[in-house]
Chemist: 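Mind having a look at this structure? Questions to follow.
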Amino acid sequence: MEQPMVTMANVAYTWPGGTRTLGPLSATIASGHFVGLIGPNGAGKSTLLKLIAAFWALDAGQILVDGESVSRLSAPERAKLIAFVPQTLDTQFDLTVKEVIELGGINRRSWRDRWAFQGALLAERLDALLATTELTELKERPFNTLSGGEAKRTLLAAALAQEAPVLLLDEPTAHLDPGHALKFLNLVRHMVDTQKTTVLMAYHDLATVGLYVDTLWVMDQSQLVLQGPPDEVLKNPAIQQIYDARLLEISHPRAGRSMLIFP
Amino acid sequence: MARAGRSTLNFAGALLALLFVLVLGVMHGPTPIPFHTVVDRLVHPNQGLTSVIIWDIRLPQIVAAALVGGGLAVAGAVMQALLKNPLADPYIVGASAGAGLGATLAQELVPLLNMMAPGAFLGALAAVLLSYLLSRGRGTTSMLTLILAGYAVGVILTSVTTFLMLMNREDLSTIFAWEVGGIDGVNWTQVAVSAGLMIIALIVIWPFATDMNALLLGEEQAHHLGIPVRRVQFILLIAASLLTAAAVYISGLIGFVGLVIPHIVRRLNGPNHRQLLPLAFLVGGMFLGLAELLAESIPVIGPIPAGLVTAFLGGPYFLYLLVKQNQRKGGFA
């Protein structure tokens, strides 16, 4: 059997203050798999993503990405394996869209690139990323003047520039209108289908998540409580208790996949 | 607003302006020297009194001013990126207070050796290191804690300096004049020492220019992009402090250059450090060279320190920037 792209073994993390602990949890993600991570606010979804990205150090257990322990990797080596699109990002300095995307090339730069006046990302690569994310016209715009959708696409383009096999997304469509959300999710699904990118995406919208992901993970109270194909998980009555709400389970009229909507 | 083609123009403009100020600095003085004579004596040195004035007095002075201005501007840009705070300046984590105490101690302990400059250099570096060590948590350093530790260290060191000055009132005016900051009577040895230290610092800083762009997006995003954040912050902090200390070694504490020049360059050319750092060096050098010329030209009894001129010009300009930014309703440029 092929080795999973992401392996979490008995992962545990205690938040500063020492009163809450995440895990211990174990799970794996197969290469080229799109996993949706759902659960109520404060369930620990963002924390789990940050642990995989080695931004916070584990208290126990280990996380392997492509067979390497993330906590032992050097920063550039880690960024070659894992890219991260944050929920929000604000900066007081107005780097342009192009300059932000170029930062995705940092992990692969040589010492010669470091001394050069130009960025480490090749011009053709940059143009391709701008085209993919529909940002070509905006490339000289300051990042902090972008709309929510444009900013998210810029951060996605920077993450894609890392050319990492694993992409972590923290509620990427929060604050996006349905049109931009749809485009964003289609783009991510396209990366999974064409580049065999492995994706773990924290997400809130239970009506759309089942249309995109291969597997759903459900977190509640800092534990991973359910996992399986989206249709199975969304039909599971335990979901109703986890969200403390009576949600209506229906089938998508065309795709036939499970959706949870307001009753 | 397209910036692509503009930066080449900005570089050319800044370089020309700096050269202009350097030449002006040699021409200008109690005895004005015409341009053609300056060019002649630069090409053929050792021709009497004008050569001495040009080579031994005016040239080291204006070159020193340019070096100090450039060094402080780059150090300011680095500190602003490191602390992700556009209001940071090169002195923010204790360098100025350390330099003040170092200079005072040198003056009190070995008054005859005139060791104020080396004392200030060591004091500035020591104070920054002390602030850094105090702000270190379990293997981590929060940049906010660093600012606070730097502030506390600064207050303590300044109180010691003030105590020492009050105990030895005869040195008060010497130390005070030094602290205001100015470039007066420098020689080539001092310029060479300072330039050497600055070159070391700049060689360390330059390969991290793109890392600083990443740091503008915040420590977490820099981490995800593949920057070893703590290590890079430490290297840059030490290098920027070396740059600051090398400037202080020549000039004492010159204010506002390190705060205002990076702002001006960002407004003209954007915050990309691959362009910001070299441009800040050129513009900072030009600005302090000009301030030095102004300081010499003001008709009062005795010379005015250049540090007073930079504060007098830089302060209002900074206020103007703040007001304008508030009207635009947005972040700092």
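Letters A, B, ... are given to chains in the order of the sequence lines, protein chains preceding strands, and every chain is numbered from 1.
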Chemist: Answer with side chain, backbone, both or neither: which region of B:E220 has an atom nearer than 4.5 Å to a non-hydrogen atom of chain A?
Modeler: both
Chemist: So for A:I82, is it side chain, backbone, both, or neither that comes closer than 4.5 Å to the heavy atoms of chain B?
Modeler: backbone
Chemist: Using a strict threshold of under 4.0 Å (side-chain N to carboxylate O), is an ion pair present between B:D211 and B:R231?
Modeler: no
Chemist: Given that the side chain runs from C-beta out, which part of A:K139 has a heavy atom under 4.5 Å from chain B: side chain, backbone, both or neither?
Modeler: neither
Chemist: Can you name the residues of residues 61-80 of chain A that have some heavy atom under 4.5 Å away from a heavy atom in chain B?
Modeler: A:A75, A:P76, A:R78, A:A79
Chemist: So, the side chain of A:T96 versus the backbone of A:E99: is there a donor-acceptor pair under 3.5 Å, distance only?
Modeler: yes
Chemist: Contact part of B:L276 toward chain A, heavy-atom cut-off under 4.5 Å: side chain, backbone, both or neither?
Modeler: neither
Chemist: Quick check: are there more than 12 heavy atoms from other residues, nucleotides or ligands sitting under 6.0 Å from NZ of A:K183?
Modeler: no
Chemist: Under 3.5 Å, is there a donor-acceptor pair linking the side chains of B:T210 and B:R274?
Modeler: yes
Chemist: With a 3.5 Å distance limit and no angle check, can you tell me whether B:N213 reaches the backbone of B:H273 through a side-chain donor-acceptor pair?
Modeler: yes
Chemist: Would you confirm whether B:Q221, through its side chain, and B:G218, through its main-chain N or O, come within 3.5 Å as a donor-acceptor pair?
Modeler: no
Chemist: Which bit of A:V100 is near chain B, if near means a heavy-atom gap under 4.5 Å: side chain, backbone, both or neither?
Modeler: side chain
Chemist: State whether the side chain of B:H223 and the backbone N or O of A:A54 hold a donor-acceptor pair below 3.5 Å, judged by distance alone.
Modeler: yes
Chemist: Please confirm whether A:Y212 and A:F34 have ring centers closer than 6.0 angstrom.
Modeler: no
Chemist: Count the heavy-atom pairs under 4.5 Å between each of B:N85, B:V229, B:I203 and chain A, then report the option with the highest count.
Modeler: B:I203
Chemist: Could you check whether A:T21 and A:T14, counting side-chain N and O atoms only, form a donor-acceptor pair closer than 3.5 Å?
Modeler: yes
